[in-house]
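Everything on this sheet refers to the single structure shown next.
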Amino acid sequence: MALPNKVKTLLDEAQTLNDYKNCQAYFYKWLNNQFSKQPVRQLINGRAEFIDRLLIKLYSDTGLAQFPDLALIGVGGYGRGELHPYSDIDFLLLCKQEPGAELTGSLESFMTLLWDLNLDIGHSVRTHEQVLEQKREDVHFTTSLLESRLICGNHVEFERLKSHIVETPIWQSDEFFIAKVKEQRLRRKKCHGTAYNLEPNIKENPGGLRDLQTIFWVAKKHFHAETLEELISHGYLTHEEYQELLECLENLWNIRFALHLAAGRSENRLLFDYQPHAAELLGFGSEGKASVERMMKRLFRIMSRVREMNQMLLSYFEQSILPDQSEQTVVPLDNHFERVGKRIRVKNPSVFFRRENLILLFEHIADNPEITDIDPSTIRTVRQVRRRLLGDLQDYAACRDALMRLLKHPNGMGRAFTLMHKHGIIAAYLPQWRNIFGQMQFDLFHAYTVDEHTHKLINNIYRYFSHEHQNEFPLCSEIVTRMDKPELLYLAGIFHDIAKGRGGDHSELGAVDASAFARMHGFSSSDSKLVAWLVENHLLMSVTAQRKDINDPDVINEFASRIKNERQLDYLYCLTVADIRATNDNLWNDWKNTLLRELYLHTQRALRLGLENPMDMRDQIRDKKQQAKQRLINKDYREDLIDMIWARFKANYFTAFSEQQISWHTEYLLGRDDLSKPCVVVSEQPMHGGTQVFVYAPYEATLFAKLVAVIGSKKAQIQHAQVLTTKDGYVVFSFVILEVDGRPISGSRAKALRRSLEVILTDPKKKIRLKKNRSQRFKDFNIKPKVVVRPHARSDRNLIEIQAVDIPGLLTKIAEVFQLHSLHIHAARITTVGERAEDFFVVSDKDYQRLSEDAKASLHRSLMKKLNAESE
């Protein structure tokens with residue numbers, strides 16, 4: 001494209017660094033303005049042309065043009081003539097021999113000017129011999145040379161280099177192909193193997209620009225193709241596929257271009273911060289989430305198509321470049337399908353005129369574990385058939401029968417389901433799945449789109465049945481061995497989030513969809529009700545475990561009454577674990593595992609006692625005391641001394657803690673000479689999924705605020721807090737804490753924390769400083785603080801629910817407000833999900849009574865004022 005005359009004039013007349021900066025600023029202003037008016041290809045070619053002119057001018061101004069044996073060569077994306085607004089400018093300065101002092105001085109001046117212009121450059125200065133040596137060692141460098149072009153300088157030297165690249169026997173086609181496939185595999189592994197991250201990398205994610213470039217690099221190296229269009233004549237692309245690749249490339253370019261403009265710098269990850277602005281630049285509107293959803297669905301569909309074509313073409317290339325490795329024994333599977341090595345292939349493309357054979361393809365994959373993928377010719381056929389489908393596959397009775405066989409197959413929900421998802425057959429079968437394909441989730445803790453999250457959930461369930469992964473989910477692996485119908489668990493997993501993005505309660509809407517599916521596929525009434533119940537209640541167990549006191553018999557009895565029977569408990573527990581594990585790779589930890597496991601075991605016991613005979617607190621206390629005492633007696637502690645310690649505690653202490661915790665607390669108290677002094681213990685080994693902190697000290701209303709401030713200052717995360725007063729005026733604090741990455745705290749970190757807590761207990765003047773450091777990544781989500789003050793089950797207490805952005809020191813701020821209102825804190829449950837804190841406190845007023853209406857209103861105002869101030 002032609003640059004505007006004013007840009008050319010400003011460049012030609014530039015003399016000073018400021019002149020060049022003004023020219024560059026004008027060009028960027030023009031580039032921004034033209035984004036909505038010109039095809040993106042012209043704009044990225046236009047920036048490359050601008051950089052060409054700039055480099056040629058600076059090359060001359062700094063004296064490099066006087067060295068006749070020097071050549072300035074663009075490589076990589078710049079070599080292709082493709083530069084997005086802030087893309088790196090990669091070039092090679094090719095010398096006939098090692099540069100002398102005069103040339104070195106000019107090169108330094110040239111580079112200094114580029115840096116002063118704030119250009120991101122990647123450069124190297126090499127002789128021919130050095131280029132060939134680096135080419136021999138580095139496939140990345142070899143790849144960049146494939147796309148080289150002369151910007152200015154010695155034309156003969158450049159042509160000599162090009163002939164060396166083609167003629168030298170370094171990195172032959174087969175070696176190059178193997179290296180690029182390995183490179184792609186490693187790149188995808190870093191992206192967790194999925195294109196559907198909520199903040200995708202436009203270049204590196206599966207289905208991104210690198211996947212397209214890999215196709216081109218291999219084609220250029222093996223076929224010496226200058227364009228993708230040439231692959232049509234080689235028989236690897238159809239005209240329709242070529243047009244599709246161009247369309248996908250243009251779309252990815254558009255999104256990357258908009259991302260650069262939104263970020264104001266070179267950026268390839270479409271972070272939450274940039275999505276609204278990018279969506280607006282691309283014409284999706286300025287409606288916030290709705291605009292972002294439209295843009296992201298388009299992006300994920302493009303990436304899905306690119307990834308599929310990348311797999312198909314690289315498989316075809318493999319057969320051509322590595323014929324010895326590609327020649328495999330052909331094993332017939334039936335009249336329609338055959339296995340070729342590790343891939344399945346159709347014998348005749350017309351087989352899919354019978355639509356049920358689309359499902360049968362994956363049934364064969366389930367039957368034959370040695371099949372790991374689909375032959376490229378069959379991928380092409382599936383793509384063509386998929387586009388020509390009229391209606392949904394579930395409309396055909398034979399397809400429904402085939403899917404039911406796959407759903408009940410021991411291996412049906414493993415690789416077979418993954419490939420069905422990958423190649424769009426689940427979406428072709430189930431219309432609701434098409435609605436969640438690429439569906440964003442704006443709740444801060446999900447890492448994947450709804451469809452990919454669901455796929456990962458199904459994969460987690462499948463692992464329950466694998467001997468190889470029994471240690472991963474031991475209780476789930478044990479439970480599924482006694483499940484009579486695992487297909488019901490899989491079906492609940494498929495439908496649990498199927499209604500997201502529609503508005504309304506997705507659990508209720510999903511249950512309706514699940515019931516309709518079950519009826520259409522001939523499930524019995526009881527099985528249909530179980531699946532619908534699981535979908536409607538799939539959040540019940542995680543919410544109960546994380547927000548309520550699961551050591552409280554009343555909580556367990558209430559939960560058990562909703563579960564009703566052990567069969568539903570088994571299914572719900574397995575679904576819940578798989579769901580949380582599929583939400584975010586960093587969300588699952590031993591603490592959550594322990595909470596869910598204990599809730600399951602407590603509920604199982606309550607159900608076995610019978611709902612008409614609910615768990616009794618006195619029985620629970622008696623059982624715990626017996627077990628804890630036996631632990632201590634086994635360590636030679638006297639029973640009378642144990643009873644003396646326990647006489648200090650109220651009954652709620654024994655319901656709040658496990659027998660393991662009770663014996664651990666007691667052992668340390670028995671070892672102290674003076675129980676009037678504060679006691680701090682930090683567990684050396686993880687207990688109940690986290691590091692346990694136990695504090696026993698004289699009661700003081702400000703103590704909770706001080707303790708949480710110390711823990712926060714050590715950059716530890718509080719997962720749970722328990723506060724109990726004793727009969728003799730002391731207080732017990734119990735915290736479960738973790739590192740930021742979810743690991744328990746141990747070693748020197750645990751010892752340092754214990755010392756700091758001891759200091760704050762003995763030195764009331766000690767100050768704790770917390771740095772306010774709110775992450776800006778999620779500012780577009782606008783988490784509004786929420787405070788709800790409710791009556792508690794006990795008539796003398798209130799339950800306070802607080803939701804807010806999880807900033808450092810948040811608990812300390814909350815505790816300061818409680819202190820200002822002279823509240824007694826009896827218990828606390830701390831939950832952090834993404835950057836959202838969801839905290840629950842049980843409190844009473846200064847007289848240990850329930851708050852009056854005036855006191856509740858005053859407390860609500862104070863908390864909201866503090867939280868709003870902190871969130872700004």
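These numbers come from the heavy atoms of this one structure, side chains and all, not from hydrogens, waters or symmetry mates.
- Between D451 and R434 there is no salt bridge, since none of the side-chain N atoms of the basic residue sits less than 4.0 Å from a carboxylate O of the acidic one.
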(message) Run K500 and M440 through side chain to side chain contact (heavy atoms under 4.5 Å, CB included) and show every step you take.
(response) CA-CA 9 Å; K500 278 193 170 178; M440 291 291 286; over 6 Å; no

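- With no hydrogens or angles considered, no side-chain donor-acceptor pair links H123 and D90 at under 3.5 Å.
- I498 places none of its side-chain heavy atoms less than 4.5 Å from the side chain of L509.
- At a threshold of 4.0 Å, the pair D513-R502 counts as salt-bridged, since one of the basic side-chain nitrogens sits closer than that to a carboxylate oxygen.
- Residues passing the ring-ring contact (aromatic ring centres under 6.0 Å, His included) test with H421, sequence neighbours excluded: W433, H455.
- When L811, D839, V736 are each tested for a side-chain contact (heavy atoms from CB on, under 4.5 Å) with I718, only one passes: L811.
- The ring-ring contact (aromatic ring centres under 6.0 Å, His included) search around F50 returns F27, not counting sequence neighbours.
- Listed by chain and number, the residues in a side chain to side chain contact (heavy atoms under 4.5 Å, CB included) with A25 amount to none (sequence neighbours excluded).
- Looking at I461 and M413, their side chains never come closer than 4.5 Å, going by heavy atoms from C-beta outward.
- Residues W588 and V577 form a side-chain contact, since some pair of their non-hydrogen atoms from C-beta on lies under 4.5 Å apart.
- Judged purely by distance below 3.5 Å, without hydrogens or angles, the side chains of N33 and K37 pair a donor atom with an acceptor atom.
- Using a 4.0 Å cut-off between a side-chain N of Lys or Arg and a carboxylate O of Asp or Glu, R187 and E183 do not qualify as a salt bridge.
- When side chains are defined from C-beta on, Q546 does not count as touching F840, because their heavy atoms never get closer than 4.5 Å.
- Across all their heavy atoms, E267 and L259 have their closest contact at O-CD2, 3.1 Å.
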(request) Take V7 and R53, measure what side chain to side chain contact (heavy atoms under 4.5 Å, CB included) needs, and give me the verdict at the end. (result) CA-CA 10 Å; V7 171; R53 289 176 174 271; over 6 Å; no

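- Remark: Q243 engages no residue in a side chain to side chain donor-acceptor pair (under 3.5 Å) (not counting sequence neighbours).
- Annotation for R294: atom CZ counts as buried by contact number, over 12 foreign heavy atoms lying within 6.0 Å.
- Ion pairing between a basic and an acidic side chain is recognised when a charged N comes within 4.0 Å of a carboxylate O; R383 and E244 show such pairing.
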(request) List the steps and the verdict of side chain to side chain contact (heavy atoms under 4.5 Å, CB included) for I51 and F91. (result) CA-CA 11 Å; I51 295 298; F91 57 82; over 6 Å; no

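- Atom-to-atom distance recorded for T214:OG1 and L313:CG is 11.5 Å, nearest 0.5 angstrom.
- Shown here are the side chain to side chain donor-acceptor pair (under 3.5 Å) partners of E241, two or more places apart in sequence or in another chain: T238, R380.
- Residues meeting the side chain to side chain contact (heavy atoms under 4.5 Å, CB included) test with R80, sequence neighbours left out: E82, E147, Q213, W217.
- Taking CG of L261 as the reference point, atom CD of E280 lies at 12.5 Å (rounded to 0.5 Å).
- Between L539 and H506, the closest side-chain pair of non-hydrogen atoms falls below 4.5 Å.
- By the side chain to side chain contact (heavy atoms under 4.5 Å, CB included) test, N118 is found to be paired with no residue, residues two or more places apart in sequence or in another chain being considered.
- Between the CZ atom of F35 and the CG atom of L281 there is a distance of 6.5 Å, given to the nearest 0.5 Å.
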(request) Go through the steps to decide whether E308 and R305 satisfy the test salt bridge (charged side-chain N to carboxylate O under 4.0 Å, His left out), and finish with yes or no. (result) CA-CA 5 Å; E308 192 172 49; R305 291 158 66 191; over 6 Å; no

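- Atom CG in L299 sits 9.0 Å away from atom CD in Q275 (nearest 0.5 Å).
- Y28 places a side-chain heavy atom less than 4.5 Å from the side chain of R47.
- In the model, R415 has no side-chain atom that pairs as donor or acceptor with a side-chain atom of Y462 under 3.5 Å.
- Residues L117 and L17 meet the side-chain proximity criterion, which asks for heavy atoms closer than 4.5 Å.
- For S266, the side chain to side chain contact (heavy atoms under 4.5 Å, CB included) partners two or more places apart in sequence, or in a different chain, are Y86, D88, D120, H260.
- Of the N and O atoms on the side chains of Q441 and Q439, not one donor lies less than 3.5 Å from an acceptor on the other residue.
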(message) Before you tell me yes or no, could you show the steps for N251 and R298 under side chain to side chain contact (heavy atoms under 4.5 Å, CB included), namely the whole-Å CA-CA distance, both residues' side-chain angles and the distance that decides it to 0.1 Å?
(response) CA-CA 9 Å; N251 274 288; R298 171 76 62 82; 3.8 Å; yes

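- Ion pairing between a basic and an acidic side chain is recognised when a charged N comes within 4.0 Å of a carboxylate O; R188 and E204 show no such pairing.
- Partners of W591 under the ring-ring contact (aromatic ring centres under 6.0 Å, His included) rule, at least two apart in sequence or in another chain, are H720.
- Rounding to the nearest 0.5 Å places CD1 of I436 at 8.0 Å from OG1 of T449.
- Residues L249 and R41 have side chains in contact (heavy-atom distance under 4.5 Å, counting atoms from C-beta outward).
- Evaluation of the ring-ring contact (aromatic ring centres under 6.0 Å, His included) rule for F437 yields Y196 as partners, not counting sequence neighbours.
- Contacts of Q311 classified as side chain to side chain donor-acceptor pair (under 3.5 Å), with partners at least two apart in sequence or in another chain: D373, K422.
- Note: L270 CG to M296 CE = 4.5 Å, rounded to the nearest 0.5 Å.
- In terms of the side chain to side chain donor-acceptor pair (under 3.5 Å) criterion, residue partners of D52 (sequence neighbours excluded) are, by chain and number, Y78, R149.
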